[in-house]
Amino acid sequence: MSSTEERIRAIVDQTVEIEGREAGQPLDLTRNIAEMGVSSSDLVAFWKMVNQEFGTDIPAEEFAELLMPKDLIDHLESVG
C-alpha cells in the first residue's frame, strides 16, 4: 500500500492545479496549498477526494487548517 504522503501527492495531481507545477513534479510539503494559486473549486475537490480516499469526514473548517500537506499527512496518520 502507498504511504499517506504518496496518496496525498496523487490526489493533488488529480484535483489541484498549482501555478508553476505539473502533475508528477515534487510537491512542497511545507507550503500551504491555498497560497499556491489554487482555485477554491480545486480546494473543494481536493477536500472531497481526501475524505473519500482515506474514509474520513474532516469538516471543511478543520480541513482549512490542514492545507499544508505535511500537516494534513500528520493529521491523517494520527487518526488512521
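The structure presented is a predicted model; accordingly, all values stated were derived computationally and were not measured.
For the atom pair CD1 (I8) and CG (L29), the distance works out to 10.0 Å, reported to the nearest 0.5 Å.
Counting heavy atoms from C-beta outward, L27 and P69 have side chains that approach closer than 4.5 Å. In this structure the side chain of E62 never reaches within 4.5 angstrom of the side chain of D57, judged on heavy atoms. A 4.5 Å side-chain heavy-atom check between L67 and W47 finds every atom pair outside the cut-off. Using a 4.5 Å heavy-atom cutoff, the side chains of R31 and M36 are in contact. Side-chain contact check for V50 versus L76: some heavy-atom pair is nearer than 4.5 Å.
A salt bridge between R9 and E5 is present, with a side-chain N of the basic residue lying under 4.0 Å from a carboxylate O of the acidic one. With salt bridges taken as basic N to acidic carboxylate O contacts below 4.0 Å, none links D28 and K70.
Side-chain atoms of Q25 come within 3.5 Å of backbone N or O of E22 as a donor-acceptor pair. Side chain of E6 to main chain of S3: a donor-acceptor pair is present (N/O by atom type, distance under 3.5 Å, no hydrogens or angles). Formation of a donor-acceptor pair under 3.5 Å by the R7 side chain with backbone atoms of I11 is not found in this model.
Other residues, nucleotides and ligands contribute only 12 or fewer heavy atoms inside 6.0 Å of the CD atom of E17.
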Test log, rule side chain to side chain contact (heavy atoms under 4.5 Å, CB included), inputs L72 and F46: CA-CA 12 Å; L72 179 58; F46 178 60; 3.7 Å; yes
Could you walk me through whether M68 and I33 pass the side chain to side chain contact (heavy atoms under 4.5 Å, CB included) test, one step at a time? CA-CA 6 Å; M68 190 177 336; I33 290 176; over 6 Å; no
Pair F54-V79, side chain to side chain contact (heavy atoms under 4.5 Å, CB included): steps then yes or no: CA-CA 10 Å; F54 290 91; V79 297; over 6 Å; no
Determine, step by step, whether D42 and I18 satisfy the side chain to side chain contact (heavy atoms under 4.5 Å, CB included) criterion, reporting the C-alpha distance in whole Å, the side-chain angles of both residues, the deciding distance to 0.1 Å, and the verdict. CA-CA 10 Å; D42 278 358; I18 296 174; over 6 Å; no
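Linking ILVMFWY residues whenever their side-chain heavy atoms come closer than 4.5 Å, directly or via other members, places I73 and I58 in the same cluster.
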